[in-house]
Amino acid sequence: MNNNGANGFAAQSRQALDDPALQSALGHAQSGFVKKRAQAIAMVDDFERLKANAQAAKRQALANLAPLLEQFEQNLVRNGGEVHWAQSPQELNATVMAIARNANARRIIKGKSMIGEECDLNAALESAGFDVVESDLGEYIIQLAKEPPSHIIAPAIHKTRQQVAELFRQYHALGERGLDAISDLVGEARTVLREAFLTADIGITGANVLVAENGSIALVTNEGNGDLSATLPRVHIVVTSIEKVVASMEDASLILEVLARSATGQHMSAYTSFYSGPRQAQDPDGPDQFHVILLDNGRSEMLGSPFEPMLNCIKCGACLNHCPVYTNVGGHAYGWVYPGPMGSVLTPLLQGLETALPLPNASTFCGRCEEVCPMGIPLPDLLRQLRAQQYEQTREPRRWRWGLGLYSWLSRHPRAFAWSLRLSRAVLRWVPQRAWPKQRTPIRPSGDTTFLEQWRNGPKNGAQNGPQ
Amino acid sequence: MKNNHMPDQAKTPPTAALYITCLANSLRPEIGHACVQLVESLGFKVDVPLDQTCCGQPGYNAGHRDQAIAVAKTQITALQEYDWVVVPSGSCAGMIINHYPRLFAQDTPWLEQAIQLAARTRELCQFLDEQGWQPGTPSKNHTQQTWAYHTSCSCRRETHSHQHGHRLLLKAGIRLAHLHDQEVCCGFGGTFAAKFDPLSSRMGQKKLAAVEQCSASGVTSADLGCLLQLQSLDRSGLSFCHIAELLAGTCAGEHKP
Amino acid sequence: MDRKMARKMDRNKVSDSHARYQILAKLRARARDPSTMRNSRQTSQKSLSIQYQSADEFAAAASRNGALVAFAASEQDALQTVKTLSEENEWRQPPTIAPALLESGAGRHTHTPWRSPSANPKPVGSVAITRAFCGIQDTGTLLCLATAEQPGSWNFLAEHHVVLLDKDCIVRGKADAWRLLTQKQLPQKQLAQKQLAQKQPARHWAIHLISGPSRTADIEQTIQLGAHGPRTLTVILVG
């Protein structure tokens, strides 16, 4: 993890801009995701209606979060599963470890889970002596590289195939073989990880949606690794968060209609599975134990606050893929596990604004994220609110606080404003190149004086006061 | 804006205030003259309220809400008298139209005024197109060039007026090249360019690469901020003209840096 | 009492942890009044009846997902098709197959019941044959249930997955599929009635919506089939 976390965004983003391999990788990614999403949406009759339906389902769920969570719990327990509640990442990790110890587990196989990343679950498990293997190919790659994910859907998006081949050569003792083609790499991962699936004691996955009416969880994957992790080991642990519950299978479907299309441009992912508890007596396979751990970690505080819209996030990644900032610097610059526009809102909310001061500011408010968000989250508004919090908490760099304050005062005093413009024009006219960043040519003011001055001196002089 | 505010029939001709924007006022005053010419050609009496300063967006976007409210009040007062307020910027027009009412959500008298002002305010291209603008005799020098029309994020997503601009350029006979990735931000973002200069520069350079790819020799836009951002990064001698100047035929080609 | 017994007793008890209490209390305190929420959903289907779609429409959608699609008049023919495909593609014989399917007369196929996955760690060329509960046309998706006869793992462990789907059991969207599955609505098609003649258990531990072979684009955004699940998915439309 970057030394400075989210607060190191400025330096980390500069580093990212100067990294040719990363820039090339980001180039592929952006065109891939953006194009595929557009194609998928073009094939749907009325994507706006699908979005509206998903948003309505979520809105109703958020208005009934406590009762729905209780209903979910009741039904899952009736199905033979266990529900645990965790207020913090520490509590979640401790719960996972308690379950693992109780089950005399040694090896753990994991499907991709952003909640797991949020809690740094792997580190906790590894230091407690468990053998943890990530099964999602992207997560496996970053596990080998000992890096955090740089995208919430494609965690290893920043890696080139050569970098992946190097990692495989380093960590898989398989002798001489060709690893030039991507198919070679995927094939090798398949073989290596198959062993892990077959021998794991515990499978840990996330969940995309929780369904209250029947106590089930939905898992959306393309690789099948999540399902193998949920099916083969004798214990299945689902680490998830409280805002993911919806009322019914039908509501879950409404969210599924927009999730894969927004994330990868598929109408459905290859595998969408609903798990409702441990295996039953007649099932030849499936886990004996089924645990769901519900994490809060600041989400209950978001409910009823101006940031409640963020609870609608379904982690599709569309905002990242379309963000001009993210697509230029990648995920690591953001310093934590959630990057891009959604990360710039979520990181300050979950970790505290003081740990992520640059993030809400690293946006031009171009609005593309809000435009593509299937859940209609007003991301620029939320970022602006975080900036307002920074201002209210006096966490803004002094020069901006005072500079904007002065400008604001001047804006309320037209004569002083006009005078200050005369001064600024003179400065801009004469300031040397070295006062500007070296890749920029200084902007020089045109005309003899400001437009308002010219108008005051002769409103009908239109063409005569034209360009120099 | 789907508003059907009709000018008061008792005042003929209807009055339009030009809200020049702080950037154009201080750095490119010729844009103001072009706007006056364009709006007068439609038969409006144009006035430029002299106590206008800045819409307050820099402070607003930085989260200085109290300051934004105070500034907005002064601008609302300055713009009270007019049937229309015409703004040569999607960014500033968007601030007045979309965000002023939100600033006063709790304050009913000012909210009412903000809503009234929002209803009378238009981004320039939106105004011209809605009022049926027709080109006069175009000036000779700019129609030789091929221009790339950069659609600002605020024209796209705040005022929804980028297509008006495109229509007007075609009407005026301006030769346009098709710019790819039009929906991607140029990297200006107001104070963003100063706070995150390397990132802002990379975004601007990518936009300029797209201009180069379409073989345009000039860039036009309805937002001066975007034009200045791109001009400061340009190394290849492109012309930069606000859309008002192109439409009015007052664009002299390359602005001296 | 031993740990297992205690566990079983605890199994049906809802946790009364401090975290649970705190979290639910916060959520209740902060929730807006639920009575102000109106269900503003626009559903495309005004009625709650199940909408069926044709096999051809399903085939088109499934092909787009990368599934191979074949047609067969009967189950026996379907299994014959699998034999042919096995030979053409050098799939390993014999396939893993549910007993009920065998009863339909394809006795030539002996099968190795795949109960213990660890007995076969490198299943190169392995084939699993299962039957889908229904097909979902709008996304070309198969709804497969984990049952005593068809363990859930059969959908994922084999290298080649073959799924038999009755033509009469193809519905339009997920909502229709849930209605069919939960029997909230009577089926309109004959064969679907046959499916439902066997009453569904109260729950299936797993319901799998399968829309193509396993894939990943995690390396350089380049799609590769056969990440961890099956490399190929073949749907045989029967009837």
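Convention: sequence-line order gives letters A, B, ...; per-chain numbering from 1.
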Any donor-acceptor N/O pair, A:Arg190 side chain to C:Gly229 backbone, under 3.5 Å: yes
Side chain / backbone / both / neither for A:Ala281 at chain C, heavy atoms under 4.5 Å: neither
Please check if the side chain of A:Glu223 supplies one atom and the backbone of C:His228 the other of a donor-acceptor pair under 3.5 Å. no
Nearest 0.5 Å, please: how far is OG1 in C:Thr216 from CG in A:Asn225? 8.5 Å
Could you tell me which portion of A:Glu91 (side chain, backbone, both or neither) has an atom closer than 4.5 angstrom to a non-hydrogen atom of chain C? side chain
Step-by-step side-chain contact (heavy atoms from CB on, under 4.5 Å) determination, A:Arg261 to C:Thr139: CA-CA 11 Å; A:Arg261 286 172 173 128; C:Thr139 52; 4.1 Å; yes
I'd like to know whether the aromatic ring centres of C:His208 and A:Tyr275 sit less than 6.0 Å apart in this structure. yes
Distance, nearest 0.5 Å, that separates CZ of C:Arg64 from CD of A:Gln266: 13.5 Å
Could you pull out all residues at least two apart from A:Ala270 that satisfy side-chain contact (heavy atoms from CB on, under 4.5 Å)? A:Asn222
Kindly check if the number of other-residue, nucleotide or ligand heavy atoms within 6.0 Å of CD (C:Glu90) is above 12? no
From A:Asp285 atom CG to C:Gln150 atom CD, the distance as rounded to the nearest 0.5 Å: 11.5 Å
Out of A:Leu76, A:Thr160, A:Leu69, return the one with the most heavy atom pairs under 4.5 angstrom to chain C. A:Thr160
Do A:Glu257 and C:Asp138 come close enough that some side-chain heavy atom pair is under 4.5 Å? yes
I'd like to know which of A:Leu294, A:Val186, A:Asp283 tops the heavy-atom pair count under 4.5 Å against chain C. A:Asp283
Top contributor to chain C interface from A:Lys159, A:Glu308, A:His267 [non-hydrogen pairs under 4.5 Å]: A:Glu308
For C:Ser153 and A:Leu232 the tightest heavy-atom approach is CB-CD2, 4.1 Å
Looking at C:Lys26 and A:Glu301, is there a salt bridge between them, counting it only when a charged N and a carboxylate O are closer than 4.0 Å? yes
One should read off an interatomic distance between A:Leu185 CG and C:Asp218 CG, to the nearest 0.5 angstrom, of 12.0 Å
Salt-bridged, C:Lys174 to A:Glu250, with N to O below 4.0 Å? no
Heavy-atom proximity to chain C below 4.5 Å, by part of A:Phe197: side chain
Please find the pair of heavy atoms, one from A:Thr231 and one from C:Gly152, that lie closest to each other, and give the distance. CG2-C, 4.5 Å
Check for a donor-acceptor pair, side chain of C:Ser211 on one end and backbone N or O of A:Met268 on the other, with a separation under 3.5 Å. no
Between A:Ser216 and chain C, which part of the residue has a heavy atom less than 4.5 Å away: side chain, backbone, both or neither? neither
Please report the closest heavy-atom contact between A:Ile182 and C:Gln224, naming both atoms and the distance. CG2-CG, 3.6 Å
So which residue, A:Gly304, A:Gly277, A:Gly32, ends up with the most heavy-atom pairs under 4.5 Å with chain C? A:Gly277
Can you sort out the partners of A:His158 under ring pair (Phe, Tyr, Trp, His ring centres under 6.0 Å), two or more places apart, ordered by chain and number? A:His332
Note: A:Pro278 and C:Trp205 closest approach over all heavy atoms is O-CB, 3.6 Å
Under 4.5 Å from any heavy atom of chain C, what part of A:Ile153 do you find: side chain, backbone, both or neither? backbone
Given a strict heavy-atom distance threshold of 4.5 Å, which part of C:Thr141 is in contact with chain A: side chain, backbone, both, or neither? side chain
C:Ile223 side chain reached by A:Lys36 side chain, heavy atoms, under 4.5 Å: yes
So, A:Ser276 side chain and C:His204 main chain: donor-acceptor pair closer than 3.5 Å or not? yes
In terms of heavy-atom proximity below 4.5 Å to chain A, should C:Pro213 be classed as side chain, backbone, both, or neither? backbone
Give me the atom names and distance for the closest heavy-atom approach of A:Ala66 to C:Leu27. CB-CB, 4.1 Å
Is it true that a side-chain atom of A:Arg194 and a backbone atom of C:Leu157 form a donor plus acceptor pair closer than 3.5 Å? yes
Nearest heavy-atom neighbours spanning C:Arg203 and A:Asn79: NH2-O, 2.9 Å
Are the side chain of A:Tyr271 and the backbone of C:Ser214 linked by a donor-acceptor contact shorter than 3.5 Å? yes
If only atom types and distance count, is the side chain of C:Arg30 paired as donor or acceptor with the main-chain N or O of A:Met302 below 3.5 Å? no
Salt-bridge contact C:Arg28-A:Glu70 (side-chain N to carboxylate O under 4.0 Å): yes
Please tell me whether A:Phe274 and C:Trp178 form a close aromatic pair, meaning their ring centres lie under 6.0 Å apart. yes
Output for pair (C:Arg20 CZ, A:Asp296 CG), nearest 0.5 Å, gives 14.0 Å
Between CD1 of C:Ile219 and CD of A:Gln162, what distance do you get to the nearest 0.5 Å? 11.0 Å
Side chain, backbone, both or neither: which part of A:Ala25 has an atom under 4.5 Å from a heavy atom of chain C? neither
